[in-house]
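Worksheet: one structure, shown below.
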Amino acid sequence: MFEIVFLGTSASAPSARRGLSAQVVIHDEHRFLIDCGEGTQRQIMQSGLGFKRLNRILITHGHLDHILGLAGLVSTFTRWEAIDGIEIFAGRWALERIHDLLHGVVLRGARSPIEIQFRQIQAGVIIEEQDFTISAFPVYHRGPDCFGYLFTEKSRRPFLPERAEILNIPPGPWRRRLVEGQAVSVPDGRQIHPDQVLGLERPGTRLVHVGDVGRTEEIEEFCREADALVIEATYLEEEAQMAKDFAHLTARQAASLAKQTGVKHLILTHLSRRYREKDIYTEAQEIFPGAIVARDFDHYQVRRDGLLKIEAVT
Ligand SMILES: [Zn+2]
Ligand SMILES: [Zn+2]
């Protein structure tokens with residue numbers, strides 16, 4: 001299961017209700033900030049997430065509405081917050097711009113009290129943890145080196161406790177090693193193979209995050225049958241030409257991508273201030289019933305068996 005918390009859902013400029021692009025993806029104790037538009041640090045506080053363990057930042061591309069918040073966030077981290085260092089993952093062009101912002105403006109040659117690591121990414125796996133991976137894939141937008149991110153839980157075979165009982169396998173290290181896929185000898189001398197107590201392999205949850213993007217053909221393979229797709233819907237179809245000119249999508253295009261690729265749940269974000277949320281929603285729903293338009297502070301659990309909205313505790 002992954003969780004996603006939307007911190008900013010507006011395109012280009014903030015509105016009274018929507019901040020600029022930023023979201024946090026959570027998997028157990030791991031947290032990833034995706035994009036960091038202006039005002040993100042206040043959104044983090046208001047969301048109740050706090051700054052703890054928010055040290056890995058994935059950037060979709062280098063446009064200012066996705067990176068300017070790094071200046072304030074890093075400035076705070078270097079003064080007050082108990083964070084030892086941050087890693088910023090992005091394509092080459094975005095990293096250069098972020099480097100200029102942080103070292104040219106925020107630090108101006110001073111040594112940073114926290115370690116700032118710039119991780120230039122290419123398509124492929126960029127982060128591998130014990131039970132999930134994050135892969136980057138190229139997306140077409142204005143300017144070079146724009147990426148989407150695919151969060152994939154590793155598939156696993158569930159432990160079947162009723163089988164273990166029948167086979168009289170005592171609790172403790174024997175069961176743990178079987179879950180890890182190792183054969184064991186139990187105290188009475190019998191050899192037990194993992195196949196005797198593990199069920200069929202279950203694929204893990206897949207969450208796809210696409211930031212700004214102007215074409216959907218190249219990203220279909222990464223979206224295919226994802227449990228959830230988070231993607232921009234900056235324009236409405238009535239301004240499809242403008243969407244094309246600025247390399248963005250209409251709500252209809254985003255919904256068509258989700259439909260064609262068999263995505264289970266679609267969450268739209270990065271809305272232009274020129275439209276009402278309802279119009280984006282209606283256009284997407286015509287193609288993909290069940291499409292959701294994210295609002296700031298929306299919090300979802302993305303699971304194999306569905307999408308669950310977590311209500312904020314107030
Ligand atoms: Zn943008
Ligand atoms: Zn952009």
Side-chain angles (χ1 to χ4, degrees), residues 4-25 32-44 57-73 88-101 120-121 123 136-149 208-219 222 229-236 239-255 257 266-275 277 280 284 293-296 298:
I4 182 161
V5 181
F6 291 86
L7 298 174
T9 56
S10 184
S12 303
S15 71
R17 295 239 172 116
R18 294 176 183 271
L20 288 175
S21 282
Q23 37 270 308
V24 174
V25 172
F32 302 90
L33 177 63
I34 305 182
D35 286 342
C36 188
E38 173 198 336
T40 295
Q41 59 174 327
R42 185 152 190 269
Q43 300 291 87
I44 292 169
I57 302 170
L58 313 178
I59 298 294
T60 58
H61 67 299
H63 286 157
L64 292 179
D65 58 323
H66 297 254
I67 65 165
L68 269 184
L70 283 170
L73 189 67
I88 302 171
F89 298 80
R92 189 182 58 82
W93 188 81
L95 270 193
E96 280 175 16
R97 200 172 198 186
I98 294 165
H99 189 279
D100 289 350
L101 177 67
Q120 187 180 320
I121 60 168
F137 56 90
V139 303
Y140 167 78
H141 183 50
R142 299 191 320 279
D145 308 324
C146 305
F147 288 96
Y149 295 106
V208 183
H209 180 95
V210 179
D212 295 9
V213 58
R215 267 198 320 249
T216 57
E217 300 92 82
E218 301 93 333
I219 60 173
F222 303 101
L229 167 64
V230 176
I231 191 165
E232 70 135 293
T234 312
Y235 288 94
L236 285 172
E239 290 183 303
Q241 188 56 46
M242 202 182 306
K244 196 169 176 219
D245 293 345
F246 289 100
H248 284 295
L249 296 184
T250 65
R252 169 183 271 268
Q253 287 175 308
L257 169 69
L266 171 65
I267 310 178
L268 301 172
T269 184
H270 199 271
L271 273 58
S272 166
R273 293 190 300 177
R274 57 211 287 132
Y275 308 121
E277 175 189 286
I280 295 280
V293 178
R295 292 179 176 173
D296 289 16
D298 275 358

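Nothing fancy with the numbering, it's 1 onward along the sequence. Each ligand, and each atom within it, is numbered from 1 in the order the structure gives.
Contact check for R17 versus R295: no side-chain heavy atoms found under the 4.5 Å cut-off.
In this structure, K244 does not pair ionically with E239, as no charged nitrogen and carboxylate oxygen lie closer than 4.0 Å.
Legend: residues meeting side chain to side chain contact (heavy atoms under 4.5 Å, CB included) with S12, ordered by chain and number and at least two apart, are absent. A search for side-chain hydrogen bond (donor to acceptor under 3.5 Å, both in side chains) contacts involving H66 returns D35, D212, H270, not counting sequence neighbours. With sequence neighbours left out, the side chain to side chain contact (heavy atoms under 4.5 Å, CB included) criterion links A240 to E237, T250.
Each of L257, V230, I231 was evaluated against L266; a single residue qualifies, I231, per the side chain to side chain contact (heavy atoms under 4.5 Å, CB included) test.
Among protein atoms, those of element N, O or S found less than 2.8 Å away from the Zn ion (ligand 2) are H61 NE2, H63 ND1, H141 NE2, D212 OD2.
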